[in-house]
There are 2 protein chains.
Amino acid sequence: MDKTAVLQAFEALSSGIRLDVFRLLVVAGREGRVAGDIASTLDLPATNLSFHLKALTQSGLLSVEQEGRYQRYRANIPLMVQVIAYLTDNCCAGHPEDCAGLRQTLDCSNEASRRR
Amino acid sequence: MDKTAVLQAFEALSSGIRLDVFRLLVVAGREGRVAGDIASTLDLPATNLSFHLKALTQSGLLSVEQEGRYQRYRANIPLMVQVIAYLTDNCCAGHPEDCAGLRQTLDCSNEASRRR
DNA sequence: ACAATACTTCAATTGTTATTGAATCATTAA
DNA sequence: TTAATGATTCAATAACAATTGAAGTATTGT
């Protein structure tokens, strides 16, 4: 994973609007959401949302697919995982207990995470 | 975990210098590193590094401790974990297989992660 | 006490990012 | 084919972040 890609991802996530958009699409999963749907959910002018969707897409965190006159956006989960891996790389070198919470937090197949 | 805290963390990580600093300290672990040490490792002027250390510290991603005339910085791993949790929250609702790579990637106590 | 070292703050400049309304493009419905 | 809808682009303005050198504060060594 190269640093500039990770940086672009963090830049993309460092705006409140884009963070909301991305999280919305993380939850939406495979189905994704079309732009207008996102705009009304987050109560944003189309022009401003478009600006942020472009930034997120250019960072690679979102993908777009055209559906007639709609644009369907989806979160790129594998990229998200790679970014996290880059950040946490070697995080507990010598002291695995320091980041014990990490595995637990991220085991999204367990009960606790479903309750979160 | 509140959104503004997460945003501050992403803002902090969205600069190449701060990303390098943070990762350096993630690897350094409990021991941390003093400012001058970080400056020489990353080849940065003290004044510029100081600016970025302040931003990282204000975001909560770093802690500082004074040691005589030195300032020792450490990564705040629990906050990093919370930020990741916020981002990945509900990431595989209904489709656990979509983020199967997540658990594996982040199991830093396993062999593969030590080799990364 | 004085000088040196470690680091931070300040102020000025430069560069980058966000927001908005108007205009545009593409697709669908009448 | 004309009108309506969904979405993006453009240009202008406003807001914010990064870098630098000079000055300042705190601690240690002589």
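Proteins come first, then strands; the chains are lettered A, B, ... in the order of their sequence lines, and each starts at number 1.
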### Message
Show me the pairs that pass salt bridge (Lys or Arg N to Asp or Glu O under 4.0 Å) and involve residues 46-57 of chain B, at least two apart or across chains.
### Response
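Matches after skipping sequence neighbours: none remain.
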#### Entry: salt bridge (Lys or Arg N to Asp or Glu O under 4.0 Å) evaluation trace for B/Glu65 with B/Arg72
CA-CA 5 Å; B/Glu65 191 185 1; B/Arg72 182 167 298 271; over 6 Å; no
Spacing of [X] atom [atom1] relative to [N] atom [atom2], expressed in whole Å:
X: B/Tyr70; N: C/dA4; atom1: OH; atom2: C1'; result: 12 Å
X: B/Glu67; N: D/dT27; atom1: CD; atom2: C1'; result: 13 Å
X: A/Leu19; N: C/dT17; atom1: CG; atom2: P; result: 18 Å
X: A/Ile17; N: D/dA15; atom1: CD1; atom2: C1'; result: 14 Å
X: A/Leu13; N: C/dA18; atom1: CG; atom2: P; result: 12 Å
X: A/Leu7; N: C/dT16; atom1: CG; atom2: C1'; result: 15 Å
X: A/Phe10; N: C/dT17; atom1: CZ; atom2: P; result: 17 Å
X: B/Gln71; N: D/dT27; atom1: CD; atom2: P; result: 9 Å

Within the structure, does a side-chain N or O atom of [X] lie under 4.0 Å from either OP1 or OP2 of [N]?
X: B/Gln66; N: D/dA26; answer: no
X: A/Arg18; N: C/dA18; answer: yes
X: A/Tyr73; N: D/dT8; answer: yes

### Query
Among residues 43-62 of chain A, which contact DNA chain C at a heavy-atom distance under 4.0 Å?
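Output list: A/Pro45, A/Thr47, A/Asn48, A/Phe51, A/His52.
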### B/Ser59 (side chain) donor-acceptor with B/Leu56 (main chain) under 3.5 angstrom
yes
### Message
Quiz question: going by heavy-atom distance under 3.5 Å, is there a donor-acceptor pair between the base of D/dT5 and the side chain of A/Arg69?
### Response
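Indeed there is one.
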### Message
Applying ring pair (Phe, Tyr, Trp, His ring centres under 6.0 Å) as the test, list every pair that has at least one member in residues 57-89 of chain A; sequence neighbours left out.
### Response
none
#### Entry: Contact summary for A/Ser14 and A/Arg18, nearest pair of heavy atoms
OG-NH2, 4.4 Å
### Query
Do you know the tightest heavy-atom contact between B/Ala28 and B/Arg33?
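Answer, listing the atom of B/Ala28 first, then B/Arg33: CB-CG, 3.9 Å.
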### Query
Just wondering, are more than 12 heavy atoms of other shown residues or ligands nearer than 6.0 Å to CG in A/Asp43?
no
